[in-house]
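Per chain, numbering begins at 1; letters A, B, ... match sequence-line order.
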Amino acid sequence: MSIRVQEADFDLSTEIAALRQARPELGAVVAFIGLVRDINAGAAVSELMLEHYPAMTQKALESIETQAKQRWDIDEVLVIHRVGRLLPTEQIVLVAVAGAHRGPAFQACEFIMDYLKTQAPFWKKEQTPDGARWVDARSSDDAAAQRWTQDLP
Amino acid sequence: MSIRVQEADFDLSTEIAALRQARPELGAVVAFIGLVRDINAGAAVSELMLEHYPAMTQKALESIETQAKQRWDIDEVLVIHRVGRLLPTEQIVLVAVAGAHRGPAFQACEFIMDYLKTQAPFWKKEQTPDGARWVDARSSDDAAAQRWTQDLP
Amino acid sequence: MALTVLYFARLRERLGLAQEGIALQPNLTSVGDLLNYLRARGPQWQAALGDEKVVRVAVNQDLAQNDTHLKDGDEVALFPPVTGG
Amino acid sequence: MALTVLYFARLRERLGLAQEGIALQPNLTSVGDLLNYLRARGPQWQAALGDEKVVRVAVNQDLAQNDTHLKDGDEVALFPPVTGG
């Protein structure tokens, strides 16, 4: 279990190699990479500022990872979330899950993203042609997280 | 849409960077990486030989990608499958899907893997302490692929 | 007998405040009490904290509800729905 | 008037054959006919192709069924269930 919150970018190959290191029983890795889009809610986005609540971020992500490991037969989890100033096309978040088989790895990776989106204390503020604005939470993210409370594996 | 069948290994960062290139509208990438496990069906595996039916491989993977693009709102798909001699911990397959949002990208990536596992003409032969043996197909893979015929999005 | 209250993101900007100490009182013992106490500070506070849907509360870094009890030394964070990932 | 028949993986090894040409005949016009024709070659063929579950067929690189019609020039591939990925 590994959680990192950082301003720096990350390299996908390096991170996945570290996750897999010396684990020849692993058969499947599922990775989600979130990117800064150049458009959101109908406006051009030139820049994103990501704020968080450090003490709670760590605790919330650890809780989400623990829940994923309790629910699915997976071996390794990595979450990296960037904070600070980000530009369109930059990587924001990496969630990688490794295990023997692909089904649990897919499920756990999507679960972690859905919970991160609704429970981890990050907030985005974006620069648009009309000025800076805080990004509104999406009801579709609540719905995505809600699925997991009904759909027990 | 990009499909490659090759003996050479691939670099995850390089492949995902190429997939995303000049596409600032992309917000989500989901990648599946399949690895050679050092144990299968109770026996130690020292080596894998991957055989395929080249003319059909290309056609089958193109059909699977086309179905995924018809079913989900995704922008880019990449499938790389290795053939030939592979050792434990080596990468076998990469399926990467990029789109604006994560839900369709997760679904499409898992769909492509499930269909690849049951419809793309690859066969694995593994070396074990008792000699070489062809890997048996798994009924769980048939079940995984079958889900998508019932579970229309 | 005091709480540390933290404000994040849009709330911090609207209130012009990142952190303050608030004394516990006989009628201020739960998250709901604290929200009512803050709303009573004036129209700006009422507007920023008035809608239950736009304010989330964490007590000691765990998401909390209106009936979550508050005790001396608690760190209470108020923030809008999260938008990371 | 001939088919090209390809064998892959375990089937190729069991039969000791990767490819052959087979002439179309009045009673050999479908995938099912071809399987029966091959099984009739002897015990080794019957054993390798006897169980419908262990042999899959593609005609011109598309998965086919027993009633799939065969025509001159078709490429017919016989193989066990796939195990890639």
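For V36(B), the part lying under 4.5 angstrom from a heavy atom of chain A is the backbone only.
Contact count versus chain B (heavy atoms, under 4.5 Å) is highest, among C109(A), A144(A), G34(A), for C109(A). Among the candidates E15(B), K117(B), Q91(B), the residue making the largest number of heavy-atom pairs closer than 4.5 Å to chain A is K117(B). The greatest number of non-hydrogen atom pairs below 4.5 Å with chain B, out of A105(A), P88(A), G103(A), A100(A), is found for A100(A). The candidate from L12(A), D38(A), T14(A) with the greatest count of non-hydrogen atom pairs under 4.5 Å with chain B is D38(A).
At least one side-chain heavy atom of D114(B) sits under 4.5 Å from a side-chain heavy atom of R102(A). In this structure, the side chains of E110(B) and V30(A) stay at 4.5 Å or more apart for every pair of heavy atoms. For the pair R37(B)/R23(A), no side-chain contact is recorded, criterion being any heavy-atom separation below 4.5 Å from C-beta on.
Across all their heavy atoms, L26(A) and L35(B) have their closest contact at O-CB, 3.5 Å.
Side-chain rings of F106(B) and F106(A) stay apart, their centers remaining 6.0 Å or farther from each other.
Looking at S13(A), its side chain never comes within 3.5 Å of a backbone N or O of D11(B) through a donor-acceptor pair.
By the 6.0 Å contact criterion, CG on D73(A) is open, its count of non-hydrogen atoms from other residues, nucleotides or ligands being 12 or less.
Using a 4.5 Å cut-off between non-hydrogen atoms, the part of residues 123-143 of chain B that approaches chain A consists of R138(B), D141(B).
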